[in-house]
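In what follows, a structure is listed as structure tokens, so that the remarks can point back to it.
In what follows, chains carry the letters A, B, and so on, assigned in the order in which the sequence lines appear, proteins first and then strands, with residues in each chain numbered from 1.
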Amino acid sequence: MRITRREFTKGTAAAAGAAAFGLASPAIAQSGPIRIGWLAALTGASSAPAIGFDRGVKFATDTINAAGGIKGRKIEIITRDTQGDPTKAVNATQEMISQLKVDAVWGPTNSGESLAITPIMARAKMPNVHPCVIDSLIDPAKFPNAFRIAPSNTQWDDAVRSYTLKILKAKKVAVIGDTTGYGVAALNASVAGLKKDGAEVVYQANIDATQPDMTPDMLRAKNAGAEAIVVWSTSTGMDARLFNTRAHMGWDVAFVGHPSMSSGEIGALIEKPTNWEKVYAVGYRSCSYDAGGKLPPHSEEFVAKLKGKIELKDTLLWWVAGGYDAVTLVAKAFQEGAGSHEDIIKYWNGVKNYPGYFGEYTFSPTEHNGYPGKDVVMSDASTAKDGTFRLAPGYA
Amino acid sequence: MLASILASGLAVGAVYALIGVTYNTMFSTSRVMSFTAGQLGMLGGVFGSLFLVRLGFPVIPALIATLACCAVVGVVTEILAVRPVLKSLDQHLYVLSTLALALMLQQLTAIEWSTEPQPFPKIFGIGSGVFDEKFWLPIVACAATLIGLEFLYRRTLIGHAFVAIAEDNFAARALGLPERNLRMASYALAAAIGGLAGFAGGQLLLAFVANGPLLNFYGFVPVALGGLGNNRGAVVGGFALGLFQQAANFLVGGIFSSVAVFVMFIIVLLAAPQGLFGSSSARRV
Amino acid sequence: MKADTRNASIAAHESEGSWRTTAMHALPFVTVFGFAAIVPMVTNDYWALIATRAAIYWLLVSGLNLVVGFAGQLAIGYVALLTLGAYTTSVLVSGNVMPLFAAFGVAAVFGAVFGVVVGLPALRLRTFYFAMSTLGFATIVTQIALAWQSVTGGGIGIAGPEFPAPFNTTTGFFYFCLGCAVLGTWMTANVAHSRFGRALIAIRDAEVATESLGISKPRMLVAIFVLAGAFAAFAGGLFATLQTYITPDAFSFDLSVLFFIAILIGGRGSILGPLLGTVILTLLPEFAAPLAAWSTFLYAVLLLAVVLVAPGGIAALLDFKNRRPLQTNRAIIPRPALLPDILSRERAGANIALRGITLSFGAVRAIDGLDLDIAPGRIHGLIGPNGSGKTTTLNVISGYYAPQSGTVSLGGTALEPGRPETRAEHGIARTFQTPRIVGEASVLQNVMVGGTIAGQGTLVESLLALPRHRRDERMLEDAAKLALRVVGLESLAPVRADRLQHSELRFLEIARALMLRPQFLMLDEPAAGLSVDEIARLGELIREISRQGVGVLLVEHHADLIFDICDQITVLNLGRTLAAGTPSEIRQHKEVVSAYLGG
């Protein structure tokens with residue numbers, strides 16, 4: 001059963017009275033359900049990932065609860081729709097800490113929100129797993145409670161850079177980002193990395209994702225002699241316009257970059273299917289199929305479990321798998337006897353080669369980036385099949 | 001490069017100009033500037049995509065259905081947000097009522113349609129490169145609208161009635177013109193023009209909810225430049241803005257092109273509050 | 001005006017029980033802030049956070065309220081100033097440029113400057129244009145925050161300022177913000193209940209009249225833009241601390257909409273209403289989690305509903321006093337005998353002289369070479385058929401129209417053409433053909449507006465309720481009450497002006513004009529809509545005013561009144577003098593009798 005905020009506020013007066021008499025203790029309940037807060041941007045501008053994660057979260061919860069829960073305790077997910085707005089995320093986070101007193105928090109799912117709530121979570125020592133990419137979000141010294149189960153931006157960037165330089169063998173690179181906070185930050189990191197590895201960044205620009213025509217920037221990139229274009233944007237509309245413009249210009253340059261370039265929506269936005277070729281988006285070993293159409297065995301097992309229960313056509317496997325892994329990571333801590341927030345963090349700090357479906361996570365007290373960098377690979381953007389992609393050409 | 005600036009500048013300029021004409025047409029019979037003008041441009045794209053892609057209509061029925069839906073939105077605007085506040089025009093309540101309606105339209109579209117850009121298909125498939133239909137379609141729509149409006153205002157009875165009301169509301173009412181019906185008609189017409197802008201510019205701007213506030217502002221700039229109620233001024237202003245914006249895009253690029261447009265807007269307005277082709281203000285006492 | 005401001009006027013009305021009414025006036029605020037103060041004690045950090053948020057938003061809204069609710073300037077993009085304050089404090093503190101409180105001071109100064117920059121277009125542009133330009137500013141500020149990465153951290157953002165102990169806990173910070181909110185409320189309430197606040201509302205609802213009273217709209221607006229900007233930027237700093245970390249995403253347009261709508265839901269010209277509006281809009285999404293996606297839609301619906309159904313907002317709902325029915329068969333009994341008390345001043349004895357005035361509107365010659373003299377202590381009637389240029393002449397004298405040729409002078413000094421706001425200092429007062437009053441303000445406040453330029457204190461003194469402000473208020477209130485007694489409206493002093501009958505509004509305008517202690521009084525059809533008895537009393541009042549040495553210019557259609565009280569009459573036709581002379585001379589003027597008097 002999920003508890004809505006409305007029911008909670010009904011009980012506020014009583015809770016308030018209790019708090020005044022000092023009954024509210026920081027120790028977490030030892031009986032009753034295990035309560036996981038889930039900060040999800042389920043509506044608003046970039047809601048697709050959270051919707052995918054949410055399916056994994058529900059599937060994991062249902063699976064665990066159907067099997068009798070953890071040591072007899074059911075898992076209870078308390079969801080707050082933050083709409084991607086940092087202000088709403090701050091409110092919801094404080095509510096989870098002070099009012100709902102959850103055992104751990106999963107999310108938020110985008111970096112803008114995560115930047116705002118990470119210090120608040122740290123102050124409350126609330127165990128937190130999230131999939132946000134910005135590097136500074138993970139810092140075991142400042143935020144000993146925060147753990148990442150997805151690649152960091154550096155890991156994405158490494159994969160994109162190594163594919164661009166080592167496999168595509170491009171020397172002159174153009175880098176394009178959108179004007180959102182993420183786009184600006186990612187572009188700068190990417191440019192710095194490329195330069196460090198000896199590539200020549202011949203053109204870089206942040207473009208407003210709503211700009212109707214991408215020709216100006218593409219022309220400038222072409223005139224500068226770019227051999228590959230690295231794209232950092234979450235906007236599928238902008239991606240599609242870039243692809244269409246490339247086709248109009250009769251240019252066969254490769255696009256490499258952000259996972260949004262492989263989003264299903266692009267299929268409808270491009271003028272013809274061939275416009276989407278030679279586009280390589282960040283993907284993951286666990287969610288990439290080989291030339292024979294086969295996923296890695298562990299992933300095949302997961303997809304088989306999901307069959308008939310969870311729709312994968314309109315989402316990505318890694319989102320569903322990530323949501324599933326987040327819930328099971330919390331559950332596992334309780335399985336191993338965790339009884340307080342500190343116990344959960346302590347358990348996570350000792351996790352080694354945890355066999356999640358999205359990846360094999362390893363944490364330590366000094367490393368909270370749990371996702372293995374080698375599993376970040378490029379996938380062929382236009383080859384989506386049930387939320388998975390074909391591995392980009394050139395990988396061993 | 002120059003050809004690209006011209007093609008995309010004139011194309012988006014035509015869309016801005018049509019939104020400017022939408023503002024003007026609403027203003028002419030009601031003395032009200034409505035925040036819904038840009039939303040109508042957005043809705044033109046969204047309805048177009050809905051009928052063409054999701055419901056699979058042929059082009060002509062889809063266009064007619066789009067314009068009809070937008071016209072309904074226009075009439076609703078008149079009834080809900082304009083008529084009730086007309087009696088106290090000097091309190092500027094229309095700014096609030098139309099802002100409220102515009103926000104409602106936008107939120108409704110975001111929730112019921114999508115917050116991501118949705119595709120808008122090719123209509124004729126004629127032309128490529130800088131002569132692609134996504135560039136010339138808005139320009140043709142703009143020209144057709146202007147010619148149509150000229151014909152309407154000069155040659156038809158209802159057009160004469162519009163002009164009469166625009167020039168002197170009280171006198172027109174004294175002549176026995178059905179002022180309220182004419183106002184509703186002009187809102188329907190304005191909304192259809194806004195919808196046409198969105199439909200014609202659909203391939204350029206896609207069916208995207210964020211186009212609403214964007215067109216609201218960029219469609220208002222031509223009105224401010226060309227002078228309120230001056231359609232020819234709006235068209236000149238629209239093309240000027242489109243070219244300026246695209247040139248800024250090509251030359252300085254990225255974030256600062258919108259800053260450049262905004263700075264130009266403020267400077268022109270402070271220097272010439274009536275617009276470059278505007279008329280002097282009315283009597284106050 | 002709404003509940004709270006009205007309470008002030010009631011307080012004025014019953015002078016002996018004023019401490020009690022002041023307490024009543026403060027009671028709702030004490031209740032709201034009192035409830036807020038116990039939030040951290042009886043609930044948890046979550047509700048303390050929400051309450052902190054409400055306090056910060058209110059600090060911004062309280063300043064913005066003077067711009068939107070009082071001056072009626074539709075600034076819809078005020079999130080721009082919140083952003084500015086948030087980034088200024090964050091950059092200065094996290095870069096260790098200066099200590100925290102100094103950074104807040106700098107932010108407030110930036111906010112004040114930027115507030116004027118954002119507001120500047122309001123001095124030149126029409127309402128909708130101004131709304132659009134503030135909207136544009138809001139976008140630009142976010143874009144700059146994104147682009148100026150070396151300072152703002154771009155999309156990665158920047159850590160908000162951290163407060164020192166004891167304000168570094170949720171509770172401590174909450175009390176700090178609450179303190180700021182209380183201070184902000186007190187200061188804006190002081191302004192609202194000062195001659196500045198009344199003048200702002202008059203600019204909103206009766207702009208033309210404020211010019212004739214010598215109120216400078218640009219000066220007033222710039223002053224409150226400074227104030228509102230400083231408040232907003234200070235609030236921005238607190239916002240950044242509350243968020244702990246700021247990125248441009250946090251400053252969404254929805255936030256701007258929230259600020260703006262809170263004021264309109266609360267009710268224009270009120271302080272309590274927007275306070276409640278802010279609290280409600282901040283809390284609403286917390287109680288309606290499943291509706292998160294619809295919150296902006298709901299705000300918009302609320303806005304539309306308020307505009308269409310309850311333009312007075314919450315404040316009007318709380319305004320119980322003005323629901324009491326007024327006495328229906330009330331009569332206006334002026335007391336001309338009291339006039340010496342209000343009009344006593346040195347009289348210069350100079351004439352207003354018009355020479356060769358010509359004014360055309362397009363092809364229409366409204367005034368065609370007119371000469372006219374108005375002498376102190378005399379009543380000069382101006383009559384003529386519709387369109388003969390009577391009101392236009394009055395508008396030329398009071399500076400609303402600049403004639404194409406000819407001069408208007410007072411005792412040899414030329415009066416600046418086209419500058420109506422300069423007439424009040426010359427002692428030239430007027431009324432309007434259609435009374436221009438502030439319907440939402442009380443009768444007393446409408447009259448007090450008339451004395452705005454007589455005040456001595458500055459805006460800062462009013463802000464802090466310093467002695468000169470209090471002296472001004474007492475002086476204006478006493479003078480306004482006296483003026484109301486003179487015209488016979490004293491029993492209606494606390495009533496909303498829009499509840500008055502038309503004839504009462506005519507006398508109200510005269511009372512307001514008397515507040516200038518005029519040398520000259522110009523009345524534009526004061527008898528229109530008055531009963532026979534009232535016209536007789538009006539005539540008596542005007543005659544007594546002129547006996548005090550005031551020169552009166554009377555534009556009127558009621559021939560009886562004109563011939564009864566005027567010392568001199570000018571008959572206009574097609575913008576030219578058809579006849580001029582004493583009433584008895586005019587009565588015998590053939591052309592006048594045949595063309596106009598219909599004899």
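Interface residue B/Ile111: only side-chain heavy atoms are found under 4.5 Å from chain C. In this structure, the portions of B/Leu96 lying under 4.5 Å from any heavy atom of chain C include both its backbone and its side chain. With a 4.5 angstrom heavy-atom cutoff, C/Val306 does not touch chain B via any of its atoms.
For B/Arg83, the salt bridge (Lys or Arg N to Asp or Glu O under 4.0 Å) partners at least two apart in sequence or on another chain are B/Glu78. Under the side-chain hydrogen bond (donor to acceptor under 3.5 Å, both in side chains) criterion, B/Arg180 pairs with no residue at all, not counting sequence neighbours.
Closest approach of C/Leu308 and B/Val85 over heavy atoms only: CD2-CG1, 4.2 Å. Taking both residues in full, the closest heavy atoms of C/Phe137 and B/Phe262 are given as N-CZ, 3.4 Å, listed atom of the first, atom of the second, then distance. When all heavy atoms of B/Met104 and C/Leu304 are compared, the pair lying nearest together is SD-CD2, 4.3 Å. For B/Val223 against C/Tyr129, the heavy-atom pair with the smallest separation is O-OH, 4.4 Å.
Residue pairs meeting the side-chain hydrogen bond (donor to acceptor under 3.5 Å, both in side chains) criterion with at least one partner in residues 299-312 of chain C, sequence neighbours excluded, do not occur; the list is empty.
By number of non-hydrogen pairs under 4.5 angstrom with chain B, the leading residue of C/Gly72, C/Ser133, C/Ala131 is C/Ser133.
Applying a 4.5 Å heavy-atom cutoff, the residues of residues 24-45 of chain B that approach chain C are B/Met33, B/Ser34, B/Phe35.
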